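Data first, discussion second: the structure below is written as structure tokens.
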Amino acid sequence: MAAIPVKIFIDGGEVEETKLVSETLVKRFGKPLDGQTTNPSLIAKNLAGRKTGKISEDAALEEYKRIVQQMSKIIPKGSISIQVFANRQTTSGEMIKQARERVKWIPNASIKLPCTSQGLRAAGTLSNEMPINITLVFSQEQAAAVYEVSKKARYPIFISPFVGRLDDRGERGMDVIKNIVRMFEKGDGHVEVLTASVRNLEHILYAIYLKSDIITIPYKIFRLWADQNFPNPAETYIYKTENLQEIPYREDVLLGRNWQEYNLSHDLTDMGVDRFYSDWMEVAGRGV
Ligand code: G3P
């Protein structure tokens, strides 16, 4: 069976899933998972499933730590993304403080920051200290800013475009992967493209076809792929989508400017920040 030509991460908040996926990969390909992505919504879902009701923020944070520590034991050589908690008011200073605490949880952490001006400001400082994953990316212009702000990084930098959330509203999310990969061809290769918010098998096949460096896959979709014996796309692969609007390549978005000159705003980024925060607050209540 052909090896998988990109790095495979699991996207989730359940330790058991990490174990099952990694074991499957070892059995089929002789190598474990390359990494894990988590976020506040996924961890909140895990905590809500225990039906213990709301717990204090400190207790919820301790649980987040415990969960990633277990994941880290399963894939000690993999990269594990841990996200900061941020709403629209959270400053870069607060994100830096959180990042410096969370990175100590496990030896193989990558810290996830939102693709907002405060998030990227934090990334500029932190990319000299620890691996970073910029999340909630929806545009080529945001990717150019991530590239520039992390240019002097001394640790791995991931960028996570959320393809499924664009699909959900009728835009062809995979075009953002295609466009970023194309724009980065002119760069120095220091940012790895991590296809996220994967909803179906076609996302996996096309991400491989486009040479996305990494794909993070929810357990359910991983199972579909495994059940079909891990198909790879053919050289003649065509990404079939129905009724999704093309997101064209922007020739005018060029690398090489100051990161603050790029337009970072995207409504899905703002909505994503809000959703992560409110999902977390559902389980981790103030004053509990
Ligand atoms: O890795 C990102 C992912 O967890 C977001 O996925 O399905 O909430 O858009 P989704």
Side-chain angles (χ1 to χ4, degrees), residues 6-15 17-18 21 33-49 64 67-68 71 75 78-86 102 109-116 119 131-139 142-143 146 156-177 180 191-204 206-207 212-225 241 244 247 266-283:
V6 300
K7 288 189 254 184
I8 300 299
F9 286 17
I10 181 169
D11 189 34
E14 301 290 339
V15 177
E17 292 179 355
T18 308
V21 167
L33 258 179
D34 297 298
Q36 165 94 45
T37 49
T38 67
N39 65 42
S41 305
L42 294 166
I43 300 297
K45 197 168 158 210
N46 174 324
L47 301 186
Y64 192 179
I67 290 166
V68 295
M71 290 167 169
I75 44 169
S79 157
I80 301 191
S81 288
I82 305 172
Q83 192 159 321
V84 300
F85 302 140
R102 283 164 174 64
S110 171
I111 298 298
K112 253 172 141 181
L113 300 159
C115 195
T116 58
I132 297 292
N133 178 355
I134 302 296
T135 189
L136 292 168
V137 172
F138 295 96
S139 76
Q142 288 178 323
V146 171
I157 305 292
F158 302 153
I159 184 169
S160 295
F162 276 23
V163 298
R165 292 195 189 178
L166 285 159
D167 283 9
D168 289 346
R169 66 177 202 181
E171 296 178 62
R172 201 161 63 203
M174 287 305 294
D175 284 345
V176 176
I177 302 295
I180 295 173
V191 182
E192 292 182 64
V193 179
L194 191 166
T195 301
S197 179
V198 162
R199 300 267 193 276
N200 52 52
L201 206 51
E202 292 303 315
H203 282 155
I204 299 178
Y206 196 33
S212 170
D213 300 281
I214 307 163
I215 313 173
T216 190
I217 310 175
Y219 182 72
K220 220 168 64 188
I221 311 298
F222 178 87
R223 281 264 56 98
L224 286 178
W225 192 36
T241 49
L244 294 181
I247 302 174
H266 198 290
D267 58 335
L268 287 180
T269 304
D270 292 339
M271 284 155 61
V273 167
D274 292 347
R275 206 211 290 182
F276 281 143
Y277 196 77
S278 61
D279 283 350
W280 183 251
M281 285 305 170
E282 282 284 307
V283 297

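What's counted below: heavy atoms across the whole structure, side chains too, no hydrogens, waters or symmetry copies. Counting starts at 1 for both ligands and their atoms, following the listed order. The structure displayed is predicted, hence computed values, not measured ones.
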Mind checking whether [X] and [Y] have side chains closer than 4.5 Å, heavy atoms only?
{"X": "Cys115", "Y": "Val146", "answer": "yes"}
{"X": "Leu136", "Y": "Phe276", "answer": "yes"}
{"X": "Glu17", "Y": "Ile10", "answer": "yes"}

Could you find the nearest protein heavy atom to [atom] and give me its residue, atom name and distance?
{"atom": "atom 8 (O) of ligand 1", "result": "Arg165 NH2, 2.7 Å"}
{"atom": "atom 2 (C) of ligand 1", "result": "Phe162 CZ, 3.3 Å"}
{"atom": "atom 7 (O) of ligand 1", "result": "Arg199 NH1, 2.5 Å"}
{"atom": "atom 3 (C) of ligand 1", "result": "Asp11 OD2, 3.0 Å"}

Structural part of Asn39 in contact with ligand 1, heavy atom criterion under 4.0 angstrom: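 The side chain, only.
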Counting both backbone and side chain atoms, is some N or O of Thr37 under 3.5 Å from an N or O of ligand 1?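 No: no nitrogen or oxygen of Thr37 is under 3.5 Å from one in ligand 1.
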Ligand 1 and Thr216, any nitrogen or oxygen pair closer than 3.5 angstrom?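 There is no such contact.
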Between CD on residue Glu171 and OG1 on residue Thr241, distance to nearest 0.5 Å: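 The distance works out to 12.5 Å.
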Quick check on contacts: which atoms of ligand 1 are under 4.0 angstrom from a heavy atom of Ala196?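 The list of qualifying atoms is 1 (O), 2 (C).
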Which of these passes side-chain hydrogen bond (donor to acceptor under 3.5 Å, both in side chains) with Ser81: Thr216, Thr135, Asn133, Asn39?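 Testing Ser81 for a side-chain hydrogen bond (donor to acceptor under 3.5 Å, both in side chains) against Thr216, Thr135, Asn133, Asn39 leaves exactly one candidate, Asn133.
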Considering residues, nucleotides and ligands other than Glu202, do more than 12 of their heavy atoms fall under 6.0 Å from its CD?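 Yes, the 6.0 Å shell around CD holds more than 12 heavy atoms from other groups.
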